[in-house]
Amino acid sequence: MSAQEKPLPPDFMKPAKTNDVPVARLIGFEASEVADGHTTVALLVGTRHANPMGTLHGGILCDIADAAMGMAFASTLAPDESFTTVELKINFFRLA
């Protein structure tokens, strides 16, 4: 059985709704609301999230943006549907 043919768990959104998502545990963010095409994600930023300049690492922003968009989109899918992020772009600006 290929990855594309692998059946989805009965409620693949359960981990998102219960904040039991491995990447969320790794980074430390929580989804406080996941429903009807929207998600609220919160992250208490600490020194473990810093880049060499001491500011928030851009990859962390990408991770939480991707997770929030993914959970919001997944909340609109039928039980037998799935998805994946194909492309993600984020822009940063310089703080003066």
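- The hydrophobic cluster of Met53 has no other members, since no ILVMFWY side-chain heavy atom comes under 4.5 Å of it.
- Residue pairs meeting the side chain to side chain donor-acceptor pair (under 3.5 Å) criterion with at least one member in residues 36-46, sequence neighbours excluded, are Glu33-His38.
- The side chain to side chain contact (heavy atoms under 4.5 Å, CB included) check on Leu44 picks up nothing, with sequence neighbours excluded.
- Heavy atoms only, all atoms of each residue included: Leu56 and Asn51 are closest at O-ND2, 3.7 Å.
- Under the side chain to side chain contact (heavy atoms under 4.5 Å, CB included) criterion, Ala67 pairs with Phe29, Met71, sequence neighbours left out.
- Residue pairs meeting the ring-ring contact (aromatic ring centres under 6.0 Å, His included) criterion with at least one member in residues 46-72: none, sequence neighbours excluded.
- In the hydrophobic cluster analysis, where Ile, Leu, Val, Met, Phe, Trp and Tyr join through side-chain heavy atoms closer than 4.5 angstrom, Val41 is grouped apart from Met69.
- Legend: residues meeting side chain to side chain contact (heavy atoms under 4.5 Å, CB included) with Thr85, ordered by chain and number and at least two apart, are Asp66, Leu88.
- Minimum interatomic distance between Ser75 and Gly37 (heavy atoms only, all atoms of both residues): OG-N, 2.8 Å.
- Considering every non-hydrogen atom in both Phe83 and Gly70, the closest pair reads CZ-O, 3.2 Å.
- Taking CG of Leu61 as the reference point, atom CG of Leu43 lies at 8.5 Å (rounded to 0.5 Å).
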